[in-house]
Number of protein chains: 4
Amino acid sequence: MTTQKPAGTSRTRRPRAPEGGERTEKGAARRAAILDAALDEFAARGFASARLDDVARRAGVAKGTIYLYFKDKQALFEELVRTNLVPHIAAIEAMPTEGPLRARVEAFAEHFVREVLMTRRADVIRLVLAEGRRFPALAEFHYREVVQRALTALQRLIQIGVERGEIRHEALVRFPQLVMAPIMMGLIWTGLFNRFAPLDVAAMMRAHLDMLFAPGREP
Amino acid sequence: MTTQKPAGTSRTRRPRAPEGGERTEKGAARRAAILDAALDEFAARGFASARLDDVARRAGVAKGTIYLYFKDKQALFEELVRTNLVPHIAAIEAMPTEGPLRARVEAFAEHFVREVLMTRRADVIRLVLAEGRRFPALAEFHYREVVQRALTALQRLIQIGVERGEIRHEALVRFPQLVMAPIMMGLIWTGLFNRFAPLDVAAMMRAHLDMLFAPGREP
Amino acid sequence: MTTQKPAGTSRTRRPRAPEGGERTEKGAARRAAILDAALDEFAARGFASARLDDVARRAGVAKGTIYLYFKDKQALFEELVRTNLVPHIAAIEAMPTEGPLRARVEAFAEHFVREVLMTRRADVIRLVLAEGRRFPALAEFHYREVVQRALTALQRLIQIGVERGEIRHEALVRFPQLVMAPIMMGLIWTGLFNRFAPLDVAAMMRAHLDMLFAPGREP
Amino acid sequence: MTTQKPAGTSRTRRPRAPEGGERTEKGAARRAAILDAALDEFAARGFASARLDDVARRAGVAKGTIYLYFKDKQALFEELVRTNLVPHIAAIEAMPTEGPLRARVEAFAEHFVREVLMTRRADVIRLVLAEGRRFPALAEFHYREVVQRALTALQRLIQIGVERGEIRHEALVRFPQLVMAPIMMGLIWTGLFNRFAPLDVAAMMRAHLDMLFAPGREP
DNA sequence: TATGAATGAGCTTTCATTCAT
DNA sequence: TATGAATGAAAGCTCATTCAT
């Protein structure tokens, strides 16, 4: 006899469209409260160790309520990551490209430091770094909607800088990641080592940009 | 026990707790096999989701045997992280400082890329990044024994470079992290996004060093 | 983004071959104790409402122990049904066919009443009747290994009886179920209505056989 | 609540508890729709596993609405069983007793096969068989209002048949169940085994009646 | 009367840890 | 030293029932 689920018990049927009144005023607020609480718990304990019980308590709802808004723990986690960063990417993409390049890239970096690194959104990125490998779909989403878009925007700026002669290192066009690397380093450092050796990420970033925009040797 | 009680459980030095004949030939081999298997499992699933059952099976021992060599899951995890990187730091610290600085720093970076980034040791670092916050003692150990020592060695090189005039950006002395940032970026990228956009970390690092050592404008 | 289980969490890997020392003396005893307790609980409350907690308590083991011997609740249930009846079918099939048919069939029926109907095995059949529809694999197993084999054995007897002229109703060859019908009726009745109107199933069965073997009108 | 507390909860007569406008046109229609939907769900999944959510959806009402018409899940279930068979018993009791007995009993059986076995009412009986033990009040109701009345009516017919000499097996008076046994067998068989070996219940029943009315040996 | 969001007790299942052998 | 059967605390998830609207 082959293994087989009890016939009448196939629960596939209900798509369990997370409803729970997401459209109503209160529904949306509750959903947001749950996501908010979940960010705290996931950031503090990691995906596997975070308890939905705690998320519920923190959000001020009953445990079952979470399931009115999210299919399961994983869906809650993915939604959390999905909704917190994308909006800011749009802002970054919309940044103007005219004016001195140095100022543009600096604004880009400052925006990132101020609006992400120093907010709870930093935890979202840390979560992606920590759990991304176990959630390939999430890693892919993050790559396409956040990383790629941000890097593409950056690349465009760099390209202009190179054409204008403001940036001498053409390799930056191929490796826009080099611009962001100190910020990622800062994200990690502040998360893990800041209590041993505080790091002024903004200052480090300025030093970094000084290098990028360093006037080259006159030929 | 199911709940992990990582935070604050600083097990600073483990007074050589239960050691299953670490001194005997076979004992040491078994211990190593367990650590090895544990690295695979922890890297693949994360600390909380890795099962000691799987570690045991992979190491070819019985589940109970793990407890002859390690106090508990957390001790196994911390030991794992403790033993895998420190030896390489010594090698890095021992690197010679004479000769052209560019070559020295490049050797430093190449060593890191070849001996860490492209080996299973990269997973150890990824584990520290992912779980470090939940294991303060581990983060502290990693900072003191790996990060700080590597950065200090690097800083010494940079200092020399600045004094000799080979490095123009003096800020690098204050932020030696800037040198390593692309490597960390590479570590993360290869772990998460390589399948979408492969990144040649060594090439990126070379481009990065080109910037660091860029001769400034002659006054 | 498509739904997708966390990568490292694919639990498919372990076939979870129920081991738990089933081969050892004690292992087999424990397994039997669990099956025994499960029969009581499933019979009393039905599959869905039976609690593994109660099964464990009744079997004198911890809850987790059940999972050393059975994959999950359903596997326990199916195993229970699988192991309790088949052995008796062999006995029935082995019944001799020589001698007066009436005696043979009566022995067949008596065996069934005594060894099944009046024992806890009756509950196994009641469970199949009650839950079979929701466990198609189980229904199929029960049909092939119990019902079909028993009816085939019966049919052979009837065939002989018809050939010898001891049974006048040839339709019985086509509907051997008619022989068993009162026994099934008795099984149901004793399970549900006996407290309102006790039914002497053995006597009823004898009356039934009187009809089956009734000598026809002499022409 | 998750635990069902069926046994002993004899809710003998329900003092017309919460009735959601059963008298109004729409109220009665809604109540009927709920009962109808409930039959489907209970038949498919069993009492414990059926979800009121699904019943509500199938009935086209909100979940809470069910509670306007029925006290709780159990009351809905019992009401369902109570209302579906009793009306047909009246029809059976009213069947005329004059004319050849064979025709009378055959009509009785045919009515049962056609009006119960081949309709959704068969599922109601299957539900009683499957769940009756856990709902003593229900079993008792079913016994008094269905089983006993049907058997009494049958017994009366048999009595007449015996007196008229149309039925030779006087034991049938004591065991009217023997007449119905093949129908119960058919009910079970069609529910569980029909896909493996289709059973023509009507034909089987005719063969059965042939035996019952078999003219005995002339003395 | 009708709704459906919200609740929370209760269930199955997992797995780190122990301990008799 | 080594084993692996046994344990039992936890945690994710479900669903009957309630109640504000």
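Order of the sequence lines fixes the chain letters, A, B, ..., with proteins taken first and strands second; residue numbering starts at 1 for each chain.
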**Q** Heavy atoms from C-beta onward define the side chain here; which of F:dT17, E:dT17, F:dA2 lies closest to that of B:K26?
**A**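 Closest of the options to the side chain of B:K26: F:dA2.
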**Q** How close or far is atom C1' of F:dA16 from atom NZ of D:K71, stated in whole angstroms?
**A**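 Whole-Å distance recorded here is 12 Å.
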**Q** Please report the interatomic distance CZ(B:F141) to CD(B:E78), rounded to the nearest 0.5 Å.
**A**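 Going from CZ on B:F141 over to CD on B:E78, the span is 10.0 Å.
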**Q** Side chains of D:L68 and D:V61, heavy atoms from C-beta outward: is any pair under 4.5 Å?
**A**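 Counting from C-beta outward, D:L68 and D:V61 never come under 4.5 Å.
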**Q** How many whole angstroms separate atom CZ of B:F42 from atom P of E:dC15?
**A**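 So the CZ-P distance, B:F42 to E:dC15, works out to 13 Å.
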**Q** Tell me whether the side-chain N/O atoms of B:R30 come closer than 4.0 Å to OP1 or OP2 in F:dT3.
**A**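 Yes, such a contact exists.
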**Q** What distance separates B:R51 CZ from B:R58 CZ, expressed to the nearest 0.5 Å?
**A**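 Going from the CZ atom of B:R51 to the CZ atom of B:R58 covers 11.0 Å.
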**Q** Mind checking A:A50 for me? I need base, sugar-phosphate or nothing, with any heavy atom below 4.0 Å counting as a touch.
**A**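 A:A50: backbone/sugar contact only, no base atoms under 4.0 Å.
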**Q** Provide, to the nearest angstrom, the distance between the CG atom belonging to C:L68 and the P atom belonging to F:dT7.
**A**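 Roughly 9 Å, once rounded to whole Å.
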**Q** Given the rule in the side chain to side chain contact (heavy atoms under 4.5 Å, CB included) test, do D:I34 and D:R31 qualify, once you have shown the distances and angles that lead to the verdict?
**A** CA-CA 5 Å; D:I34 292 169; D:R31 196 183 139 90; 5.8 Å; no
**Q** Hey, which sits more toward the 5' end of DNA chain F by its nearest nucleotide, A:L52 or B:A62?
**A**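 Nearer the 5' end of the strand: B:A62.
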**Q** Between E:dC15 atom C1' and B:R45 atom CZ, what is the distance in whole Å?
**A**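 It is 12 Å, rounded to the nearest whole Å.
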**Q** Once Watson-Crick and G-U wobble pairs under 3.5 Å are found, how is DNA chain F written in dot-bracket notation, 5' to 3', with | for any base paired to another strand?
**A** .||||||||||||||||||||
**Q** Can you tell me if D:Y69 touches the phosphate of E:dA2, counting only side-chain N or O atoms and a distance under 4.0 Å to OP1 or OP2?
**A**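 Yes, within the criterion.
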**Q** Phosphate oxygens OP1/OP2 of F:dG4: is one of them under 4.0 Å from a side-chain N or O of B:K63?
**A**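 False: B:K63 side-chain N/O out of range (4.0 Å or more) of F:dG4 OP1/OP2.
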**Q** Reckon C:A48 touches a base, only the sugar-phosphate, or nothing at all at heavy-atom distances under 4.0 Å?
**A**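 Nothing, no heavy atom under 4.0 Å.
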**Q** Write down the distance between CZ (B:F70) and C1' (E:dA16), rounded to a whole number of angstrom.
**A**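 Atom CZ in B:F70 sits about 16 Å away from atom C1' in E:dA16.
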**Q** Heavy-atom distance under 4.5 Å between the side chains of C:L138 and C:E131, does that happen here?
**A**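 Of all side-chain heavy-atom pairs linking C:E131 with C:L138, none is under 4.5 Å.
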**Q** Send over the distance from B:D53 CG to F:dA5 P, rounded to a whole Å.
**A**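 Whole-Å distance recorded here is 10 Å.
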**Q** To the nearest Å, give me how far apart CD1 (C:I66) and P (E:dT14) are.
**A**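 Distance, rounded to whole Å: 13 Å.
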**Q** Does the D:D36 side chain pair with the main chain of D:A32, one donor and one acceptor, at a distance under 3.5 Å?
**A**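 The answer is no, because no donor-acceptor pair under 3.5 Å joins these two groups.
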**Q** Could you check how far OH of B:Y67 sits from C1' of F:dA6, rounded to whole Å?
**A**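 B:Y67 atom OH is separated from F:dA6 atom C1' by 14 Å.
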**Q** So, A:E79 side chain and A:F70 main chain: donor-acceptor pair closer than 3.5 Å or not?
**A**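 Looks like no, no N/O pair under 3.5 Å.
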**Q** Both C:G64 and A:T65 contact DNA chain E. Which one's nearest nucleotide lies toward the 5' end?
**A**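 Result: A:T65.
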